[in-house]
Amino acid sequence: MDPNLHDLLFARFLSEARNEPPDIDVDFEHERREEVIQYIYGKYGRDRSGMTATVISYRGRSAVRDVGKALGLPLDRVDAMAKRLDWWDRGTLNDGQLRECGIDPADPTVHDLINLTAQLLGFPRHLSQHTGGMVMTRGPLCELVPIENASMEDRTVIEWDKDDIETLGILKVDVLALGMLTAISKGLKLLNTTAYSWLPNLQLHTLPYEEPLTYEMMCDADTVGVFQIESRAQMSMLPRLQPRNFYDIVIEVAIVRPGPIQGNMVHPYLRRRSGMEKVVFPSEALAAVLKNTLGVPLFQEQAMRVVMVAAKFSGAEADQLRPRDGGLAQEHGARPVPRRHRQPDGRQRLHAQVRRAGL
């Protein structure tokens, strides 16, 4: 995606005020992710790159199994108790549940099991590999962090998790696997080698950008198996929104989420889109920010631009509003909005919409 074409806000992704490396997540075909990981090892060396660890903590079932084994209880009874636990049981079983497992609740060993299990909940159990986090350093990893060989061949794992390396400021890149990219790759290969081999060779970046027939299928909610718009909620919204271009799909994905729904922004946008409600903007300057969403702020980037235009926040200040859940808003909240950006009751309405959009 071309960030210039879609006018993406740079401060949303990288800000000097955060004083931390950018959060880099890249999706690859899930069947070829190992190729990417080995490429990183090959480019930077296993002495300067490695997989991030993740701390696995005790939950109800794992705590019951480990404590039961340590206390010498029969493994079949321990397994029965563990399977009887649900996440809401918080690692404890009542007398009725114990009897269902064939265990006497009055047994002192069982009392010890319940007490020790409750103490272990949330305690670190072991280290595992992060699903895709990789670190890269300028110097040898062994000078910064303990490292070990992974069980998989040709992999190195550091013994710290993502929170540890974030504190130290070590660069982490998430090399993620996405099954839909594999499906698309196989679909293109099928098109290029079988029935449509007479067509020009198609690649992901050469596919037609706007295909009317594709949008017709979306408007009919014919999107089973289509990434991002295959859920029942999305399929219910598609016929109402009637997407006709890529930006409409962006709005479609963004609008079916808790913020806009709870913030009562979905229906105003749909009414304006269908012509049932007049499109109004708080000011001419803010119209440039909100024109693509018909005056309703739906994205965090829009909310950041609103405070940058209306309250003269810098990009760094606007970015700090986002992750701190309004923490910085108290510091800068008294900054007046110039009169040219106001309408009758518009300031309060705009403030509420901005907060609902993610700030």
Side-chain angles (χ1 to χ4, degrees), residues 1-3 8 10 12-15 18-59 62 87 122 124-189 203-205 225-231 250 253-254 257 300-301 319 322-323 358:
M1 178 179 291
D2 185 349
L8 300 183
F10 185 77
R12 168 67 174 80
F13 302 98
L14 187 63
S15 171
R18 271 186 259 166
N19 193 29
E20 61 186 19
D23 184 17
I24 304 174
D25 299 345
V26 187
D27 293 312
F28 298 95
E29 297 174 35
H30 81 284
E31 292 182 354
R32 301 187 64 187
R33 185 174 75 114
E34 187 61 27
E35 293 181 36
V36 180
I37 292 174
Q38 291 306 319
Y39 170 82
I40 294 174
Y41 280 133
K43 183 175 179 63
Y44 296 98
R46 289 181 62 184
D47 59 326
R48 294 192 296 126
S49 58
M51 301 291 294
T52 310
T54 183
V55 178
I56 305 299
S57 300
Y58 274 107
R59 297 185 181 181
S62 58
W87 63 268
R125 184 179 187 273
H126 66 273
L127 283 178
S128 181
Q129 286 187 44
H130 190 276
T131 53
M134 291 201 71
V135 296
M136 285 151 278
T137 56
R138 183 174 302 172
L141 271 175
C142 62
E143 296 179 358
L144 296 172
V145 56
I147 59 176
E148 63 182 30
N149 290 325
S151 55
M152 183 180 290
E153 188 177 357
D154 297 326
R155 280 196 183 192
T156 302
V157 182
I158 68 171
E159 297 184 10
W160 292 348
D161 66 7
K162 62 181 182 65
D163 296 323
D164 298 327
I165 63 175
E166 182 179 337
T167 301
L168 291 174
I170 299 176
L171 176 66
K172 178 176 73 73
V173 176
D174 284 334
V175 182
L176 304 176
L178 192 61
M180 185 54 65
L181 287 177
T182 303
I184 293 173
S185 176
K186 290 183 176 181
L188 290 174
K189 184 178 180 180
Q203 300 295 331
L204 188 60
H205 62 281
V226 180
F227 185 60
Q228 293 280 17
I229 53 173
E230 63 178 332
S231 69
V250 175
V253 173
R257 57 188 176 93
Q300 285 187 349
E301 288 83 352
D319 177 69
R322 178 178 56 84

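From a predicted model like this one, the values you see are computed outputs, not experimental measurements. All residue numbers in this chain count up from 1 along the given sequence.
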Pairs meeting criterion side chain to side chain donor-acceptor pair (under 3.5 Å) with involvement of residues 128-137, two or more places apart = Q129-R155
inquiry  = With a 4.5 Å cut-off on side-chain heavy atoms, are L168 and L144 touching?
reply    = no
key: Step-by-step side chain to side chain contact (heavy atoms under 4.5 Å, CB included) determination, E35 to F28   = CA-CA 10 Å; E35 293 181 36; F28 298 95; over 6 Å; no
Are the side chain of [X] and the backbone N or O of [Y] linked by a donor-acceptor pair below 3.5 Å?
| X | Y | result |
| --- | --- | --- |
| E148 | V157 | no |
| D174 | L176 | no |
| R33 | H30 | no |

Give me the atom names and distance for the closest heavy-atom approach of [X] to [Y].
| X | Y | answer |
| --- | --- | --- |
| S57 | S62 | O-OG, 4.5 Å |
| I40 | V175 | CD1-CG2, 3.9 Å |
| T52 | D161 | CG2-C, 3.7 Å |

request  = Sequence neighbours left out, what passes side chain to side chain donor-acceptor pair (under 3.5 Å) with T156? Give chain and number order.
outcome  = R46
ask   = Step by step, would you call K186 with E31 a side chain to side chain contact (heavy atoms under 4.5 Å, CB included)?
value = CA-CA 11 Å; K186 290 183 176 181; E31 292 182 354; 3.1 Å; yes
task = Assess whether side chain to side chain contact (heavy atoms under 4.5 Å, CB included) is satisfied between M152 and E34, documenting all intermediate values.
result = CA-CA 11 Å; M152 183 180 290; E34 187 61 27; 3.8 Å; yes
